[in-house]
Amino acid sequence: MSAETIIEARAVSKWYGQFHALKDINLTVHKGERIVICGPSGSGKSTLIRCFNRLESHQEGDIAVNGIHLHPKMKNVADVRSNVGMVFQHFNLFPHLTVLMNCMAGPMWVKGVSAAEARKTALQFLERVRIPEQANKFPVQLSGGQQQRVAIARSLCMEPAVMLFDEPTSALDPEMVSEVLDTMTGLARDGMTMVCVTHEMGFARAVADRVILMDAGQIVEEGKPDSFFGNPQHDRTKLFLSQILKH
Amino acid sequence: MLYPDTVEAEVLVHKPWFVATMFGVVFAIFLAFNLTSTSFGELMRPVIGEPSQSGLYGRFAIAFVIALLFVLNVVLIGFASLRVQIAIVWFELLLLFLAFFATFHLSLPFIREKLPFLISQGVVTTLYVSAISIIIASLIAILGAVAKLSTNGFAYAIASFYTSFFRGLPLLMQVYLIYLGLPQLGFVVGAVPAGILALSLCYGAYMTEIFRSGIQSIDRGQWEASRSMGFGFSLTMRRIILPQALPVIIPPTGNQFISMLKDSSLVSVIGVWELMFLARTLGQKTFQHMEMLISASLIYWMLSICLELIQSRIERHYARSKVR
């Protein structure tokens, strides 16, 4: 792959006190790539992607996003964050703002875009996640699936170079999972660079360019979906897949 | 309201044992006082004859009638719907209250004469001193809360020192210290500014804690979402956190305002012509203390009721985004 690099992590390590949360992580995300990270809970997958927009700090190694190196004394963290969209497990929509305002807030307040233009962008992305008719409601009036789609639209409004998904379907009722996955699949088809922490193996198989298994803070296996699911190399991967695909 | 059961319990005031007990207690209480020489006795004249000569029979009859009326009243109210019950009980308590004040034989013309000044000077001063103080106190509270939540050692130390000191001294002491202490340092302050300063600093300290807990009640996820979109600290605070914290902050702040309205009476000791000061001084010359004190009390009470109503309006306004 020769495409330009969006995220580059080199020998990243992180500790929570004595606990070694990330161990020597190396990962490069190229433009247009879709990466799915899976693994048992507590394996560090959320921590890793939260390091990519510096919601978490790493102690060793180097992370660069769009060529900007992340470190504690950086002055331009807002540049990185407005370029990296993040979708959370619990949506984290702003409950006191309407759906439309949730989407307009970022462009208006961070980028200084005019209200009219922000509104146009917001409606365009709400259209894309197929809920433009909910624009004037408040988040609590929407179902979980709709809320998560609004959260995706909110991130897209910032027109980020990469989207991070932190278990976007884990807090949803089973019926609502597919509407969110459909939206994510649509994004992937349109060429969005994506890093997804998820247990939706069907999504991983269909969309991912690479699937990564993390365990105990380390990347255990990394490969194309075909080989990852069809011919896993490590016992840990086999065990994980047998657990998750058992039922 | 407490969580109501779907199975209705029997109405307490209709249970025979409760009615009987109530009757017994009221009867015993009124039997203990000799009411034959009061207006009750006059009212009972057709039954007991000349009240002063009726003796034990008169006392017995009066207590019996009062207890009967009381129990009947309570039992009947028990049949009404909740809203009507509340209204009737409020009305009756108010009536008893007024009857109690009527026994003081207050001079109504005196009240009528002094009331306009009590309102135009006293109420206005009380209101603007309280309003300015609550605004300054809120500003102090926001700063204090942010400082107490910050990781900056200086900010935290200053804020916690401030809240500790001003919560630790009686407000009356603070009023004196500021009014009498500042001139010693070369700053001569008027009574009104000194009063406002004392109230603001004292209530700012209490409200710092209210604001702090309000800000802390907001889910971490809101901070994370804001950060992830590139919002800085002050933008997140102004646009995301404080608007959501306000519904949490406003009810206790309303309480603070109501209590400040009354505590502003403490600045009367330094000669501010507010409601309490006038209530004490207007009646002094003619020894008609009770007239002015009761009038001022009722005014304080009515002002508090108005504020409570405003507060519940604002609360309803902020409940909007929670409606499903």
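Just so we're on the same page: letters track the sequence lines, and every chain starts at 1. Since the model is a prediction, treat every value here as computed from it, not as a measurement.
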**Report entry** Contact class of A/L93 relative to chain B, heavy atoms under 4.5 angstrom
**Finding:** backbone
Report summary line: Assert top hit (heavy-atom pairs under 4.5 Å, partner chain B, pool A/N92, A/V87, A/N83) equals A/N92
Requested in this report: State plainly whether the residues B/K148 and B/E209 are in salt-bridge range, i.e. N to O under 4.0 Å.
Outcome: yes
Query raised in the report: Would A/E117 and A/K120 pass as an ion pair if we require N to O under 4.0 Å?
Result: no
**Report entry** Residue pairs, two or more places apart or on separate chains, that pass salt bridge (charged side-chain N to carboxylate O under 4.0 Å, His left out) and touch residues 74-90 of chain A
**Finding:** none
Requested in this report: Below 4.5 Å from any heavy atom of chain B, which atoms of A/F88 appear? Answer side chain, backbone, both or neither.
Outcome: side chain
Query raised in the report: So which of A/R154, A/H90, A/R54 has the biggest tally of heavy-atom pairs under 4.5 Å with chain B?
Result: A/R154
Query raised in the report: Tell me, side chain or backbone of A/A151 under 4.5 Å from chain B's heavy atoms, or both, or neither?
Result: neither
Query raised in the report: For B/L235, is it the side chain, the backbone, both or neither that has a heavy atom under 4.5 Å from a heavy atom of chain A?
Result: side chain
Query raised in the report: Does a salt bridge link A/R128 with A/D190, judged by any charged N lying under 4.0 Å from a carboxylate O?
Result: yes
Query raised in the report: Do NZ/NE/NH1/NH2 and the carboxylate oxygens of A/R130 and A/E179 come within less than 4.0 Å?
Result: no
